[in-house]
Amino acid sequence: MLRIVTDSTADIPLEQAREVGVRIVPLKVFFGDECYRDWVELTPEQFYEKLKSSPVMPRTSQPSPEDFLDTYRQFHPGDEIISIHISRQLSGTLQSAELAQKMLPEREIQCFDSLQASVGLRLQVLEAARAAKEGCSKEEVLRLLKHYRDHSRVYFVVDTLEYLHKNGRIGKAKTLLGGLLKVKPLLCLEQGVIGPVEQARGWKKAVQRLIELMEADLSGAKAIKALVAHAVVPEEAEKIKAEIQERLQPREITTASIGAVIGSHVGPGVVGVVAAPAFEP
Amino acid sequence: MIHTLQGKHLKNMLGSGAMVLAENEEMVNNLNVFPVPDGDTGTNMRLTLQAAVKALEGAEGKTAGEVAKIIADSTLRGARGNSGVILSQLLRGFAEKVAGKDELTPGDFAAAMEAGVITAYNAVMRPVEGTILSVAKAAAMEAARAARKKMNFLELLAAVCESARLALEQTPRQLKVLRDAGVVDSGGQGLLCLFQGFYAYMEKVWQGEEESIISSGLVVDPVQARGGDAVPEGEEIRYGYCTELLLKGEHLSADTLRRELSRLGDSVLVVGDEKLLKVHLHTDAPGEVLTLCSRWGEMDQIKVDNMREMQRQKAARAESSDPGKKLAVVAVANGPGLAEIFTSLGADAVIAGGPTMNPSTDDFVKVIQKLEADKIIILPNNKNIILAAQQAESLLEGKELLVAPTRTIPQGISVLVQLDRRETSLEKIARRMEAQIAAVKSAAVTQAVRSTTMNGKTIEAGDWLGLLEETLAVVEKDRETVVQKLLKALVQDGDEVVTVYYGEDVSPEEIEGLAQYMEEEFPDQELEIYEGGQPFYPYYISVE
């Protein structure tokens, strides 16, 4: 049987993971010395509440190789596994997964760099899980994953660059730092790293540009799949969803919350969108 | 002194190493730039080792092999971060090599270190040199050499530390991101801390205090990013010649030679044994170094590099090979505050100028010629400057110019803020400008210098004038009223940000009053106030 494994930065709630048959290895979030397993011991709501009152910035940590070993070993020895993870350039999670894979040479495990995080990863994982359930082979699922990896567009607007900066994940968007004017940075996630797109004066304008860019990038695409993610601003996410529905007419669009690990890096108030043309086998 | 390591020694060594690492955690964190610059390498390595320390609590009477296995298993489980994971692999390989052994000879220890390095390299999908791996490899090779030379554990660990330090210094040469940041690899520094902890414990053993555990208080000096003859950029070089050689002889003493050499320069490193020493230092007197060394024995592989010349060449290379930015932005602004705002938003040059001081075409040409870019966007921010800017193109060969039709400072700022950093086609950038300019409403306040009639309004010298975009809209005797009327005309429901750039003769009290007015009249809009420092125009205002 083909099994799909991912990590908690896919921002898939546990219950949903169980429903679709995906096994999730959690990353960890630390407030000082208190350790929480992402999504397992800390829901997004709890996390952002804690963030408000905590005197220290949260830190995050990849799962240990042992965490992956434990997960992989739970499957039947004859099962095939595809382990889909957050971009190598944003986290060491893949490193731990690959180590565990090497320590289990008798198992059929394929590690896959999504070059994405959060919604971008979530889209790949959910589509892979659906294909696996429908009985697709490992090769077919890998083809599907490569399609979404290479064709997904991801844009997000952050309230402040402070979190990305402090956690060292700012990537090429460093060029946007240091502006004297207050701006809302619009960023993309491409080739596994965060890049600057532009800035807007005011939140609404930034969101408007996000949708315009999505529309331009995907013009001509039929059957778009899209996801909107947010860090505790559900009303904003619903508004964006409605607008994308109207303008891009996607085949599928859902909204989701951003969990503690990703939230530690982007900060509260962020909204992000992934959209991709649906995979045609 | 001891000839073999028993389980308890191994346990205490690791405890001492963990201690030293913990004491230097912040220093290691601060070095962290690769692969993800999140500043937590020290923390991750400390916590990884902490798992082993905890697992070893109460582990009495174990063999060396058993202790190594406990360390390996617990760190694999507790591994955090990339460096922690690699560290756990070093320890795993070590443990596998010494499985079943009651105690370890220096040879066993060195072989196990090598096995750890092999395991770690195999574990990493893409091993990168200039990281903890390189430091571990150098240390393991040195350990093997030391064991072959029948060194005891104290000497062996001293050699391991020294070679690890040397390898760590080299990391900026191997990895550009370290070089750019001017640091050595953080994981490598963490590993060196661990080795230094091993050594500190071994010293205690030699002093007969092997059971006493370990409050070392050893603060490790961070290794400076210099790397043999890697040349610091722009930095003043104190000693001009990087001098290296091998010294062969009998009864060589690294310590004595190091002491003698340190009078002749800095970055002194002397490693090896009594028959062969590797010598490295930076000095202004390479001749004296050679004379001194020749008294000790036979010299080989002498290498003297002129570091000042290397620095000059490097600087020249950097200048000539830098492809430069493809796209640059030149803005026109009057007032130091406005210039600073444009620069902070990414303008590559700001030309002083404005309504009363229009820069010439030549001003543009001179500034643009200095820019390493072949595509230039000019933000004139005044309608009287647009033409002079456009003419610059004919005088600039090989440069493509786009003069944005920005007629006010707020328009210029709006275009700059919304510039798509991924776009390199001026044509595509130009296509979006109109919308960007239209998205901002702007106003300005200035004073009439003479009496006249404009737009059907009678104006007396000294009156305050309010302009909406470039059209006269308000004439009043006092400035405050002009500002308030302009704001009422500009701000509409749905606007988000009101930005005020105030000029050189506006008092803090006046600004305070404006802020209060905004708070009362327009509570839904966010007000941002910046000191523009511009002359003649006390206020530029934008609404977005």
Side-chain angles (χ1 to χ4, degrees), chain A residues 28 30 33 35 59-67 69-70 88-92 94-96 98-103 111 113 166-173 175-186 188 190 195-206 208-209 212-213 265, chain B residues 32-33 35-40 43-44 47-48 51 73 75-86 88-89 92 122-126 337 340-346 410 413-414 416-423 432 435-436 439-440 494-497 499 525-526 528 530 542-544:
Chain A
K28 293 157 199 150
F30 294 82
D33 279 343
C35 171
R59 306 200 69 98
T60 60
S61 173
Q62 72 204 51
S64 72
E66 190 79 20
D67 295 338
L69 279 178
D70 289 347
R88 187 189 299 283
Q89 292 172 84
L90 297 175
S91 165
L94 255 173
Q95 164 127 24
S96 287
E98 285 166 347
L99 258 170
Q101 176 220 351
K102 284 200 166 177
M103 293 167 77
C111 294
D113 186 346
K166 283 207 176 131
N167 287 297
R169 262 74 174 187
I170 197 160
K172 290 184 253 171
T175 51
L176 298 184
L177 275 176
L180 286 173
L181 260 54
K182 274 193 224 152
V183 292
K184 298 294 169 205
L186 172 59
C188 61
E190 274 170 21
V197 179
E198 54 188 64
Q199 311 166 83
R201 310 240 32 225
W203 177 262
K204 274 185 280 181
K205 257 206 221 132
Q208 217 46 51
R209 274 300 288 160
E212 276 172 36
L213 285 168
H265 294 295
Chain B
N32 189 190
V33 292
V36 180
D38 49 4
D40 59 1
T43 307
N44 286 336
L47 289 168
T48 302
D73 289 349
T75 49
L76 182 65
R77 196 165 282 278
R80 279 189 51 185
N82 266 316
S83 305
V85 169
I86 293 173
S88 75
Q89 297 304 301
R92 184 162 72 98
N122 284 339
V124 178
M125 282 279 158
R126 298 174 189 77
E340 206 179 311
I341 287 167
F342 274 104
T343 307
S344 82
L345 292 171
I413 288 174
S414 175
L416 187 54
V417 164
Q418 295 178 68
L419 186 66
D420 186 338
R421 314 271 157 170
R422 302 170 305 173
E423 188 54 72
R432 281 193 52 218
Q436 290 166 345
V440 56
D495 287 332
E496 285 184 276
V497 191
T499 314
Q525 279 72 28
E526 204 175 321
E528 292 181 30
Y530 300 98
S542 72
V543 176
E544 289 159 280

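Just so we're clear, the structure is a prediction, and the values are computed from it rather than from any experiment. Residue numbers start from 1 in every chain, and the chains themselves are labelled A, B, ... in the order their sequence lines are given, proteins ahead of strands.
Both the backbone and the side chain of A/Lys205 come within contact range of chain B, judged by heavy atoms closer than 4.5 Å. Residue A/Leu213 touches chain B through its side chain alone, counting heavy-atom pairs closer than 4.5 Å. Looking at B/Val417, the atoms closer than 4.5 Å to chain A (heavy atoms on both sides) sit in the backbone and in the side chain alike. A/Asp70 touches chain B through its side chain: at least one heavy atom from C-beta onward sits under 4.5 Å away, while N, CA, C and O do not. With a 4.5 angstrom heavy-atom cutoff, A/Cys188 touches chain B only via side-chain atoms.
In this structure, the side chain to side chain donor-acceptor pair (under 3.5 Å) partners of B/Thr43, at least two apart in sequence or on a different chain, are B/Glu25, B/Asn29. Legend: residues meeting side chain to side chain donor-acceptor pair (under 3.5 Å) with B/Ser542, ordered by chain and number and at least two apart, are absent.
Contact tally against chain A (heavy-atom pairs below 4.5 Å) for B/Glu340, B/Glu423, B/Gln436: the top residue is B/Glu340. Options A/Lys28, A/Met103, A/Arg59 differ in how many heavy-atom pairs under 4.5 Å they form with chain B, and the most are formed by A/Arg59.
When all heavy atoms of A/Glu198 and B/Leu419 are compared, the closest pair comes out as CB-O, 3.5 Å. The minimum heavy-atom distance linking B/Asp40 with A/Thr60 is given by the pair OD2-O, 4.0 Å.
Put simply, the side chain of B/Val85 reaches to within 4.5 Å of the side chain of A/Gln62, judged on heavy atoms.
To the nearest 0.5 Å, atoms CG (B/Asp73) and CD (A/Glu66) are separated by 8.0 Å. We find the CZ-CZ distance between A/Arg209 and B/Arg432 to be 3.0 Å, quoted to the nearest 0.5 Å.
The main-chain N or O of A/Lys204 is found under 3.5 Å from a side-chain atom of B/Glu496 such that the two form a donor-acceptor pair.
Under the side-chain hydrogen bond (donor to acceptor under 3.5 Å, both in side chains) test applied with A/Arg201, the options B/Glu528, B/Gln418, B/Glu526 reduce to a single match, B/Glu528.
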